[in-house]
**Student:** 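Just passing along the structure, written as structure tokens.
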Amino acid sequence: MNNLRTKLHGWLGLLALALATPAEAQDSPGQATYDQLVRKYASIETKTRGVRYEDWKANADDTAALSGVLNQWAQVDPRELRGRHRQAFYINLYNATVLDLVLQSYPIETITKLREPEFAIFEAPLVRLNGEKISLNELEKKRLMSEFRDARNHFAVNCASESCPPLANFAFDGKNLEDQLNFVTRKFCASSYGFRIDSNKRQLQFSKVFEWYARDFAPESAHRYITRVLGEYLPGDYEETWMEYDWALNDASGK
């Protein structure tokens with residue numbers, strides 16, 4: 001397993017470099033600005049994983065820039081974006097909205113307590129889109145997943161928490177979306193946040209993402225999905241369990 005992850009780390013690093021050049025054509029206004037912001041403040045590498053919210057909050061121009069992007073995206077009619085471009089737009093809109101919500105209230109310990117009761121932040125109509133306001137859950141489940149039945153979406157959207165698949169340090173775009181989704185999927189599945197093997201307990205421990213969205217991954221189980229993505233045999237006689245989900249803020253400040 002360690003050898004596999006070492007190889008994957010090298011492969012993913014090369015792909016990250018390939019993705020480091022912003023898309024030639026923007027899918028929506030403000031996408032280039034969003035791309036620059038997350039490249040500056042977000043990291044998907046293990047040691048620096050997360051978002052440097054403190055630095056971002058301290059930079060008034062960059063905080064305002066994110067709000068400006070959301071103002072532009074609030075005017076976008078998704079129906080005018082085709083296929084992959086619309087899928088990428090929904091992912092970026094979700095992630096940018098979450099970032100903005102955190103930055104507005106930072107410092108915080110968890111996004112789940114920004115509204116009462118706990119987790120209400122995901123149900124509040126806080127996402128501005130084409131003249132209406134919808135919730136983060138509606139954007140993810142009734143727009144993104146309903147229109148694009150692609151389980152890899154769950155590795156692209158980020159809920160600002162430690163156990164979430166890490167926020168991509170690039171904007172998703174229709175032209176490169178297939179490679180980008182494969183990249184974030186492999187990155188998460190190969191990490192200790194995606195799954196772990198405990199040989200002493202004879203356990204396979206999987207992220208709750210696979211449990212919560214089992215219907216989206218069907219007919220594959222978490223075991224079969226990760227086996228296919230990583231191309232490695234996982235013991236079939238180990239107990240399969242779910243890791244506890246850590247909702248602490250994915251704060252990389254000071255790393």
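Sequence positions, counted from 1, serve as the residue numbers for this chain.
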**Student:** Between S161 and D246 (side chain of the first, backbone of the second, donor and acceptor by atom type, cut-off under 3.5 Å), is there such a pair?
**Tutor:** no
**Student:** Taking N137 for its side chain and E123 for its backbone only, find out whether a donor-acceptor pair lies under 3.5 Å.
**Tutor:** no
**Student:** Under 3.5 Å, is there a donor-acceptor pair between the side chain of T110 and the main chain of K113?
**Tutor:** no
**Student:** What closest approach, in Å, do F210 and A222 show between heavy atoms, and which atom pair accounts for it?
**Tutor:** CB-CB, 3.6 Å
**Student:** For T97 and V127, indicate whether the former's side chain and the latter's backbone hold a donor-acceptor pair under 3.5 Å.
**Tutor:** no
**Student:** Which pair of non-hydrogen atoms, one from L129 and one from P78, has the smallest distance, and what is that distance?
**Tutor:** CD1-CG, 3.7 Å
**Student:** Does R196 use its side chain to pair, donor to acceptor, with the backbone of Q205 at less than 3.5 Å?
**Tutor:** no
**Student:** Just by modelled atom types, is the P235 backbone N or O under 3.5 Å from a matching donor or acceptor in the H223 side chain?
**Tutor:** yes
**Student:** Using a strict cut-off of less than 4.0 Å between a Lys/Arg side-chain nitrogen and an Asp/Glu carboxylate oxygen, indicate whether E178 and R152 qualify as a salt bridge.
**Tutor:** yes
**Student:** Without swapping roles, check the side chain of T48 against the backbone of S43 for a donor-acceptor pair under 3.5 Å.
**Tutor:** no
**Student:** Classify the ring geometry between W212 and Y245 as parallel (under 30°), tilted (30 to 60°) or perpendicular (over 60°).
**Tutor:** tilted
**Student:** Find out if a path of hydrophobic residues (ILVMFWY) with successive side-chain heavy-atom gaps under 4.5 Å connects M243 to F217.
**Tutor:** no
**Student:** Checking the side chain of N158 only, and the main-chain atoms of N95 only, is there a donor and an acceptor separated by less than 3.5 Å?
**Tutor:** no
**Student:** So if you build clusters from Ile, Leu, Val, Met, Phe, Trp, Tyr with side-chain heavy-atom gaps below 4.5 Å, do L126 and L66 land together?
**Tutor:** yes
**Student:** Can you give me the closest heavy-atom contact between A88 and G174, atom names plus distance?
**Tutor:** CB-N, 3.9 Å
**Student:** Tell me whether R228 forms a cation-pi arrangement with Y225, defined as NZ or CZ under 6.0 Å from the six-membered ring centre and within 45 degrees of its axis.
**Tutor:** yes
**Student:** Grab the two heavy atoms, one from I226 and one from F195, that are nearest each other, plus how far apart they are.
**Tutor:** CD1-CB, 3.6 Å
**Student:** Just one of Y213, F188, Y193 clears the ring-ring contact (aromatic ring centres under 6.0 Å, His included) bar with F155, so which one?
**Tutor:** F188
**Student:** More than 12 non-hydrogen atoms from neighbouring residues, nucleotides or ligands closer than 6.0 Å to CZ on R115, yes or no?
**Tutor:** no
**Student:** Below 4.0 angstrom, N of the basic side chain to O of the carboxylate: do D173 and K175 qualify?
**Tutor:** no
**Student:** Could you check whether any side-chain N or O of K57 sits under 3.5 Å from a backbone N or O of L103, counting only pairs where one atom can act as donor and the other as acceptor?
**Tutor:** yes
**Student:** Might you point out which heavy atoms bring F172 and Q180 nearest each other, and give the distance in Å?
**Tutor:** CA-OE1, 3.3 Å
**Student:** Checking Y53 against N250: is there a side-chain donor and acceptor pair closer than 3.5 Å?
**Tutor:** yes
**Student:** Nearest 0.5 Å, what's the NZ-OG distance between K208 and S163?
**Tutor:** 10.5 Å
**Student:** Compare every heavy atom of V209 with every heavy atom of P165, then report the nearest pair and how far apart it is.
**Tutor:** CD-CG2, 4.3 Å
**Student:** Heavy-atom count around K201 NZ within 6.0 Å, excluding the residue itself: above 12?
**Tutor:** no
**Student:** Would you say L114 ends up clustered with L70 if hydrophobic residues are merged whenever their side chains have heavy atoms under 4.5 Å apart, either directly or through other cluster members?
**Tutor:** yes
**Student:** Between Q31 and D35, do the side chains contain an N or O donor and an N or O acceptor separated by less than 3.5 Å?
**Tutor:** no
**Student:** Taking a hydrophobic cluster as the set of Ile, Leu, Val, Met, Phe, Trp and Tyr residues connected by side-chain heavy atoms closer than 4.5 Å, whether directly or through intermediates, do M145 and I91 fall within one such cluster?
**Tutor:** no
**Student:** Between D251 and G50 (side chain of the first, backbone of the second, donor and acceptor by atom type, cut-off under 3.5 Å), is there such a pair?
**Tutor:** no
**Student:** Can you tell me if N153 and E140 form a side-chain donor-acceptor pair at under 3.5 Å?
**Tutor:** no
**Student:** For the residue pair R84 and Q87, confirm or rule out a side-chain donor-acceptor distance under 3.5 Å.
**Tutor:** yes
**Student:** If you take the centroid of each ring, where Trp contributes its six-membered ring, are Y34 and W73 closer together than 6.0 Å?
**Tutor:** yes
**Student:** Check this for me: E132, atom CD, are more than 12 non-hydrogen atoms of other residues, nucleotides or ligands nearer than 6.0 Å?
**Tutor:** yes
